[in-house]
Each structure stands twice: as structure tokens, then as C-alpha cells.
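For reference, the structure discussed in these notes is given below.
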Number of protein chains: 2
Amino acid sequence: MTQATVPNPNPDPAAAPPSVAFVVSRLGFAVGGQLADALKPLGIEPRHFGLLRALAMTKGQSQKAIATTLNLHPNRMVALVDELESKKLVRRRPHPSDRRAHTVVLTPAGEQLLQEAFRLAIGIETALCADLDRDERQQLLHLLSKLRAGDTDHPGVHPGLAGRRDTSRGMNQ
Amino acid sequence: MTQATVPNPNPDPAAAPPSVAFVVSRLGFAVGGQLADALKPLGIEPRHFGLLRALAMTKGQSQKAIATTLNLHPNRMVALVDELESKKLVRRRPHPSDRRAHTVVLTPAGEQLLQEAFRLAIGIETALCADLDRDERQQLLHLLSKLRAGDTDHPGVHPGLAGRRDTSRGMNQ
DNA sequence: TATTGTTATACTCTATAACTATA
DNA sequence: TATAGTTATAGAGTATAACAATA
């Protein structure tokens with residue numbers, strides 16, 4: 001308990017060494033904001049980007065199927081599709097075999113905007129990694145892939161799309 | 001339109017190579033959720049953790065000074081301090097020289113809970129990096145530190161504390 | 001009876017701005 | 001007049017649950 005200069009009985013908790021968790025969380029938040037800013041001129045937000053991206057993959061599936069893939073409440077799905085449809089980026093069409101269901105497809109304008117959004121996203125990636133050479137970036141991706149973030153369901157899907165916080169571990173029942 | 005297996009005219013945009021930006025954003029979101037879950041038994045949320053952490057550093061400062069350090073609206077500051085005070089983790093005391101101002105200090109219970117919160121946070125870090133050896137983790141931290149995430153104001157502060165999205169580039173006028 | 005999509009409603013969270021008491 | 005803190009209010013976003021059409 002003897003001390004020379006620092007009277008603090010417990011070690012200063014705020015001066016903790018940087019943690020991967022904290023740094024990643026902070027970076028992720030910043031990057032998300034950057035993407036939102038970049039997409040604003042296109043009139044969409046990151047969540048719309050995520051949905052457009054998924055629609056480009058799964059052509060002609062029902063809303064329900066897409067929502068399941070993205071771990072999205074039917075609720076939010078409707079709102080998102082509404083917004084994209086009002087911007088003529090997406091169109092609802094009758095499902096061929098199930099008259100309850102709708103399929104959702106990109107319009108040509110939607111495909112074009114998606115390409116532009118990808119260009120913007122690549123711009124963010126480039127700026128973010130500007131101080132890394134090719135090997136360093138590859139090494140970083142490798143190390144990040146080794147992190148255990150749980151949530152291995154829905155690979156390639158950003159969990160933020162689903163809404164706030166997943167308190168009840170999976171919405172589907 | 002003839003097709004053998006893949007009719008896709010443009011390269012599948014959704015099958016883009018993994019980007020550091022996307023991976024970091026997804027990881028950060030997951031980690032944030034983990035911290036929220038871990039802190040729940042303590043009765044606090046990540047934002048309270050962030051404030052308690054700051055209070056442990058800056059002892060006896062005014063609310064305004066702390067809010068400025070954390071890039072926090074006076075508004076949110078009041079609500080946060082209210083919540084912590086109702087849990088007896090923090091106490092408002094009159095500022096010695098300015099009778100308008102309040103200083104905010106941790107109670108012994110607050111310091112104890114903060115220590116416990118740090119233990120939980122370390123647990124998350126440990127689990128997250130379980131598949132990395134010491135050198136790999138150090139290398140990862142090094143590479144992450146080289147990313148250009150902008151926002152170099154308010155070092156060591158999680159931008160999520162400030163609220164939603166920083167649309168107007170800095171709230172202070 | 002279950003499921004797809006939708007709508008209605010309540011709840012939480014955040015932001016804007018007005019207010020008080022000091023300076 | 002400006003500032004620290006507070007309160008009030010409005011707005012955005014999310015989740016819960018009820019609903020109509022179809023299976």
C-alpha cells in the first residue's frame with residue numbers, strides 16, 4: 001500500500017489497455033456513420049443497401065423468404081420494401097404459386113443504384129485501409145475472421161439490419 | 001440470355017469479397033450486443049459503463065466538463081446521471097466555485113460496480129480473442145490502429161455514447 | 001388451423017427548444 | 001448577455017399484436 005506519487009488505491013480503470021472489442025466497436029460505429037453519409041445523396045440508408053444487396057442475390061423470392069434470410073421481422077420488411085418501392089428501386093410482383101405471397105425484384109433503376117452504392121462502399125473501404133499495404137490488409141482480414149463474435153447464423157448479413165438489439169436470441173419463436 | 005449455369009449478366013454484387021469495413025461493422029455490432037447482455041445483471045447499459053469509466057478518470061469535474069469530454073449533449077448527460085444517481089452509483093455535489101454547476105462523483109458502490117463491469121468486459125475480450133495467440137492479438141491491435149476512421153476528436157471515447165448518428169459533424173455549434 | 005403480408009398501436013429513444021438560477 | 005443544468009415536447013424508430021386473404 002505504500003506509494004510514491006499516485007494516491008489512487010485501485011488501479012485507474014479508465015486507463016485500461018486498448019481492447020480489440022472496444023476498438024472494433026468504435027471503428028464499426030464510425031464506419032456505419034460513414035456509409036450512412038455516403039449513401040445519403042442516393043436517397044437511401046445502409047439498411048436499404050443491405051436489402052438491395054440481398055435482393056440482387058435471391059432473385060424472385062417471396063418477402064418471407066428474404067426476411068428469413070436477413071433475420072428480419074415481417075414488420076420491418078414491409079416498411080423497407082415500401083420505401084424502396086416508392087423510390088422505384090424495387091417492385092412487388094405476384095408469386096407464381098402462392099397467391100398470398102409477393103416476390104420482390106430490383107428494377108433497372110434499383111440495379112443501377114445498387115452498383116453506385118457499391119462504388120461508394122468501396123470508396124469507404126479504400127479510405128479506411130489507406131495506410132495498409134495489400135499484405136497488411138489481407139492479414140487484418142485473416143485475423144478478424146478468427147475473432148469469435150458468436151452469431152454464426154445468417155452469414156454475411158449485418159445484424160444491425162434486424163433492428164435494435166437481439167435480446168431474445170432469435171426472433172423466430 | 002443463353003445460360004449454362006449462371007445467367008447473371010453483371011458480376012454478382014452480393015458476392016463481393018469481404019471488406020474490412022463490413023466485417024468491422026458487423027463485429028462491432030455483435031460485441032456491443034454482448035456487452036449489453038453482460039451488463040444487464042448489473043442493472044446498467046454500455047452507456048452507463050462509459051460514463052462511469054469517464055467519471056473514474058475525471059474526478060470532481062462539472063457535468064458540463066464531463067459532457068464535453070464525452071461529446072455528450074447536456075440533455076443526455078442529465079438523463080444518464082439521473083439514472084446512475086437513482087441507483088446510488090453516483091452522487092451530485094455542489095461545485096466549489098460555481099454555484100450553477102454540479103460535480104459528479106462515484107460512490108463506493110459505483111466504484112465497486114465499475115470494477116465488476118470491467119471484469120465482464122475483459123471476459124468478452126477474452127472470449128472474442130480466444131482463437132488468437134498473444135502475438136496475433138497484438139498484431140491485430142496494431143493493424144486496427146492503422147485504420148483511418150476519421151473522428152480523431154475525443155480519443156478513447158466510444159462515439160455511440162453521443163447518441164444516434166453525428167449528422168451535423170460535431171454538436172458543439 | 002397455419003401462414004403471408006399488412007396495418008394499428010404502444011413504447012423507447014433521441015433531439016430541439018424552452019426555462020431557472022446563477023455568472 | 002452568456003452559461004450550467006434542467007425540464008418539456010416533439011419526432012424518429014422499433015416492437016407487439018391484431019387483421020385480411022389465402023393455404
Side-chain angles (χ1 to χ4, degrees), chain A residues 29 32-33 36 40 44-48 50-51 60-86 90-105 159-173, chain B residues 29 32-33 36 40 44-48 50-51 58 60-86 90-104 159-173:
Chain A
F29 193 92
K40 195 164 286 178
I44 64 169
E45 296 170 43
R47 45 185 141 172
H48 303 115
L51 178 52
Q61 290 196 11
S62 71
Q63 280 193 205
K64 170 64 177 173
I66 299 164
T68 300
T69 300
L70 297 177
N71 195 28
L72 215 59
H73 284 263
N75 206 2
R76 289 175 66 77
M77 184 67 180
V78 170
L80 283 176
V81 174
D82 280 350
E83 289 160 9
L84 291 178
E85 199 173 34
S86 76
V90 139
R91 218 171 8 184
R92 273 183 250 243
R93 302 222 296 211
H95 190 284
S97 65
D98 187 340
R99 295 206 325 201
R100 294 171 304 181
H102 293 160
T103 63
V104 186
V105 295
L161 236 180
R164 210 76 201 100
R165 289 291 179 205
D166 215 359
T167 161
S168 59
R169 183 63 21 199
M171 73 177 188
N172 355 298
Q173 196 70 316
Chain B
F29 194 92
K40 196 164 286 180
I44 65 169
E45 296 169 42
R47 44 184 142 173
H48 303 114
L51 179 52
T58 66
Q61 290 197 13
S62 71
Q63 281 192 203
K64 170 65 176 171
I66 299 164
T68 299
T69 301
L70 297 178
N71 196 28
L72 216 59
H73 284 264
N75 205 2
R76 290 175 65 77
M77 185 66 180
V78 170
L80 282 177
V81 174
D82 280 351
E83 289 160 10
L84 292 177
E85 198 172 35
S86 76
V90 138
R91 218 172 5 187
R92 273 183 248 243
R93 303 223 294 211
H95 191 283
S97 65
D98 187 339
R99 293 206 326 201
R100 295 172 303 181
H102 293 160
T103 63
V104 185
L161 236 179
R164 208 77 202 98
R165 290 289 179 205
D166 215 359
T167 163
S168 59
R169 183 63 17 197
M171 72 177 190
N172 355 297
Q173 197 66 310

*Would you kindly give the CZ-to-P distance between B:Arg76 and C:dT14, to the nearest whole Å?*
4 Å
*When rounded to the nearest 0.5 angstrom, what distance separates CG in B:Leu51 from CD in B:Glu45?*
12.5 Å
_What's the separation between atom NE2 in B:His48 and atom CG in B:Leu161, rounded to the nearest 0.5 Å?_
9.5 Å
_Contact nearer the 5' end of DNA chain C, comparing A:Asn75 with A:Ala101_ = A:Ala101
_Given the structure, check if the side chain of B:Arg99 and the base of C:dT22 hold any donor-acceptor pair shorter than 3.5 Å._
no
*How close or far is atom P of C:dA15 from atom CE of B:Met77, stated in whole angstroms?*
16 Å
*asked:* Tell me the closest heavy-atom pair linking A:His73 and A:Ala162, and the distance in Å.
replied: CD2-O, 4.3 Å
*asked:* Would you say B:His73 places a side-chain N or O within less than 4.0 Å of OP1 or OP2 belonging to C:dT16?
replied: no
*Please give, in whole Å, the distance from D:dA21 P to A:His102 NE2?*
13 Å
*Over how many whole Å does the gap from A:Leu161 atom CG to D:dT14 atom P extend?*
10 Å
*Would you say a side-chain N or O of A:His95 is under 4.0 Å from OP1 or OP2 of C:dG5?*
no
_Matching residue for B:Ser62 among B:Arg100, B:His102, B:His95 - test: side chain to side chain contact (heavy atoms under 4.5 Å, CB included)_ = B:His95
_A:Gln63 CD to D:dA21 C1', straight-line distance once rounded to whole Å_ = 14 Å
*asked:* Show the nearest heavy-atom pair for residues A:Thr103 and A:Pro94, with the distance to one decimal.
replied: OG1-O, 4.2 Å
*Does A:Arg100 or A:Arg47 map to a spot on DNA chain D nearer the 5' end, using the closest nucleotide for each?*
A:Arg47
_What is the distance, to the nearest angstrom, from the CZ atom on A:Arg93 to the C1' atom on C:dT4?_
19 Å
*Polar side-chain contact A:Asp98-D:dT22 base: donor and acceptor under 3.5 Å*: no
*asked:* Rounding to an integer number of Å, can you tell me how far B:Arg92 CZ sits from C:dA21 P?
replied: 16 Å
*Spacing of B:Gln61 atom CD relative to D:dG5 atom P, expressed in whole Å*: 11 Å
